[in-house]
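Worksheet: one structure, shown below.
FYI, the numbering just counts along the sequence from 1.
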Amino acid sequence: MIQASRNVARILLSTWQSVSVTPTAGLKIFPVPVKFGDIEYPERARLKIMEKVPQFPPGMRPPKMQKRLRYMRGPEPTHNFLMYRQYGIIATGGGRLKHGHFEMIRLTIGRKLDQERMFAIWRVDPPWQPVTKKGQGQRMGGGKGSIDHYVTPIKAGRVIMEIGGHCEYFEVKKVLTQVANQLPFKARAVSQEILDKQAVKEKWLEENNQHLWTWKYMVQNNMLGCQKWISPVDKLWFNKYL
C-alpha cells in the first residue's frame with residue numbers, strides 16, 4: 001500500500017515537472033479619470049519672491065513696533081478658506097513667518113510643481129512687522145534696539161499658500177506635508193474635501209453634545225468664580241486658542 005502511494009506520487013511529480021505554465025494577461029479595470037471641470041489659472045503659476053524688507057518712501061525712517069502678540073493669538077477671521085477650493089496649507093497655531101521660511105516654501109514647492117498643469121499662489125503678506133534686537137553683550141538701557149528683521153504674524157486657521165490645477169490630492173500631499181512640518185508653528189496640508197468633512201463633524205458634535213460642563217458654559221456662568229483667575233484669552237475663546 002505504501003509502495004503504491006509512493007509510485008503515484010512519483011508519477012504526479014514527473015507530470016507536474018513536465019507541464020509548462022504560461023502566464024496570460026487578465027482583464028484590468030482602471031478607475032474612471034477625475035473630471036476637474038473648468039479651472040481658472042492665475043497669471044503666474046509659480047510662487048513669487050517675497051521682499052525681505054518692506055519698501056518705504058525715500059527719506060522715511062523705518063518705524064519700530066511693539067511685539068503685539070494679539071496679531072498671533074486667536075482664530076483667523078478672514079483668510080481661513082481656499083479660494084480655488086483645491087489644496088493648500090493651513091496653520092493650526094499662531095506664529096511668525098520670516099523671510100527664510102518664505103524662501104523654503106517657494107523653493108520646495110517650485111521643485112515639485114508641474115507648471116503645465118499646476119499652479120501655486122501665496123495667501124499671506126510679505127514680511128512687514130519689524131523685530132528689534134540689541135547687540136550681543138550690551139548693558140541694559142540705551143533705548144530700544146535697532147530693527148533686526150521683519151516677520152509676518154500668522155493666526156490659527158490662516159491659509160499660508162494654495163496649490164491647484166489639473167492634479168489630485170495624493171500628488172501634492174507629500175510636498176505640502178513636508179513644507180507644513182518645517183514651519184515655525186503647527187500647520188497641516190488640507191484639501192477642500194477635508195475642510196468640508198471637518199466643518200460637518202464640528203457642527204454635528206456641537207449639536208449632539210450631551211455634556212453640559214464645557215469650557216464655554218463654565219466661563220459664561222462664572223463657575224467657582226473662574227473669571228477672577230483664568231486668562232483673559234480664555235474668556236474670549238474658551239481654552240480653544242492660546
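Between Leu82 and Ser191, the shortest heavy-atom distance links the atoms CD1-C, 4.0 Å. When every heavy atom of Pro127 is checked against every heavy atom of Pro54, the shortest pair comes out as O-CD, 3.7 Å. Of all non-hydrogen atoms in Ala120 and Ile109, the two that sit nearest each other are CB-CG2, 4.0 Å. When every heavy atom of Met65 is checked against every heavy atom of Tyr71, the shortest pair comes out as SD-CE1, 4.5 Å. Closest of all the heavy-atom pairs between Ala189 and Ala180 is N-CB, 4.4 Å. When all heavy atoms are compared, the tightest approach of Pro75 to Lys155 is O-CD, 3.6 Å.
In this structure, Trp215 has no ring pair (Phe, Tyr, Trp, His ring centres under 6.0 Å) partners at least two apart in sequence or on a different chain. For Arg96, the side chain to side chain donor-acceptor pair (under 3.5 Å) test picks out no residue, with sequence neighbours left out. Asp125 pairs by the side chain to side chain contact (heavy atoms under 4.5 Å, CB included) definition with Trp128, not counting sequence neighbours. Residues satisfying the salt bridge (charged side-chain N to carboxylate O under 4.0 Å, His left out) test with Arg44, not counting sequence neighbours, are none.
For residues 168-193, the set of pairs meeting the ring pair (Phe, Tyr, Trp, His ring centres under 6.0 Å) definition, not counting sequence neighbours, comprises Tyr87-Tyr169. Pairs passing the ring pair (Phe, Tyr, Trp, His ring centres under 6.0 Å) check and including a residue from residues 41-60, sequence neighbours excluded, read Tyr41-Phe119, Tyr41-His166.
Distance check: Glu162 CD to Leu176 CG gives 10.5 Å after rounding to the nearest 0.5 Å. Annotation: the span from Ile105 atom CD1 to Met161 atom CE amounts to 7.0 Å, rounded to 0.5 Å. Between the NE2 atom of His99 and the CE atom of Met50 there is a distance of 9.5 Å, given to the nearest 0.5 Å. The NZ atom of Lys67 lies 11.0 Å from the CD atom of Gln129; values are rounded to the nearest 0.5 Å. Summarising the geometry, atom CD belonging to Gln227 is positioned 4.5 Å from atom CG belonging to Asn222; distances are rounded to the nearest 0.5 Å. We find the CH2-CD1 distance between Trp122 and Ile160 to be 9.0 Å, quoted to the nearest 0.5 Å.
For Lys134, the NZ atom sits in a packed shell: over 12 heavy atoms of surrounding residues, nucleotides or ligands are nearer than 6.0 Å. By the 6.0 Å contact criterion, NZ on Lys64 is enclosed, its count of non-hydrogen atoms from other residues, nucleotides or ligands being greater than 12. The neighbour count for Leu69 CG, taken as heavy atoms of other residues, nucleotides or ligands under 6.0 Å away, is above 12. Lys186 NZ: 12 or fewer foreign heavy atoms inside a 6.0 Å radius. For Glu193, the CD atom is loosely surrounded, since the number of other residues' heavy atoms within 6.0 Å does not exceed 12. Crowding of Lys144 atom NZ: a count of heavy atoms from other residues, nucleotides or ligands under 6.0 Å exceeding 12. The number of heavy-atom neighbours closer than 6.0 Å to CD of Gln138, taken from other residues, nucleotides and ligands shown, is above 12.
Partner of Asn239 under the side chain to side chain contact (heavy atoms under 4.5 Å, CB included) criterion, chosen from Ile230, Val219, Thr214, Asp234: Asp234.
Tracing side-chain contacts under 4.5 Å through hydrophobic residues (I, L, V, M, F, W, Y), one reaches Leu113 starting from Met104; they form part of the same cluster. Hydrophobic clustering, with ILVMFWY side chains joined whenever heavy atoms are under 4.5 angstrom apart, groups Val53 together with Ile147. Under the 4.5 Å side-chain heavy-atom criterion for grouping Ile, Leu, Val, Met, Phe, Trp and Tyr, Val159 is connected to Leu195 within one hydrophobic cluster. Residue Met223 is not grouped with residue Leu236 when hydrophobic side chains (ILVMFWY) are merged at heavy-atom distances under 4.5 angstrom, including chains of intermediate members. By the criterion of side-chain heavy atoms lying less than 4.5 angstrom apart, applied directly or through intervening Ile, Leu, Val, Met, Phe, Trp or Tyr residues, Val190 is not grouped with Val179; the two fall into different hydrophobic clusters.
Put simply, the side chain of Pro126 does not reach to within 4.5 Å of the side chain of Thr152, judged on heavy atoms. In this structure the side chain of Val172 reaches within 4.5 angstrom of the side chain of Cys167, judged on heavy atoms. The closest side-chain heavy-atom distance from Ile90 to Asn80 is not below 4.5 Å. At least one side-chain heavy atom of Tyr84 sits less than 4.5 Å from a side-chain heavy atom of Pro42. Between Arg188 and Ile194 the shortest side-chain heavy-atom distance falls below 4.5 Å. Between Phe102 and Val124, the closest side-chain pair of non-hydrogen atoms falls below 4.5 Å. Put simply, the side chain of Glu202 does not reach to within 4.5 Å of the side chain of Trp204, judged on heavy atoms. Ile89 places a side-chain heavy atom less than 4.5 Å from the side chain of Leu183.
Formation of a donor-acceptor pair under 3.5 Å by the His149 side chain with backbone atoms of Val131 is not found in this model. Looking only at distances, no side-chain donor or acceptor of Asn209 sits under 3.5 Å from a matching main-chain atom of Leu205.
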Taking it one step at a time, do Glu171 and Met118 satisfy side-chain contact (heavy atoms from CB on, under 4.5 Å)? CA-CA 11 Å; Glu171 300 180 59; Met118 300 181 189; 3.9 Å; yes
Passes side-chain contact (heavy atoms from CB on, under 4.5 Å), Tyr241 versus Arg73? Steps please. CA-CA 7 Å; Tyr241 303 97; Arg73 287 178 173 172; over 6 Å; no
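With respect to Arg123 and Glu76, no salt bridge is recorded, no charged nitrogen being found less than 4.0 Å from a carboxylate O. A salt bridge links Glu103 with Arg106: the closest approach of a Lys/Arg side-chain nitrogen to an acidic carboxylate oxygen falls below 4.0 angstrom.
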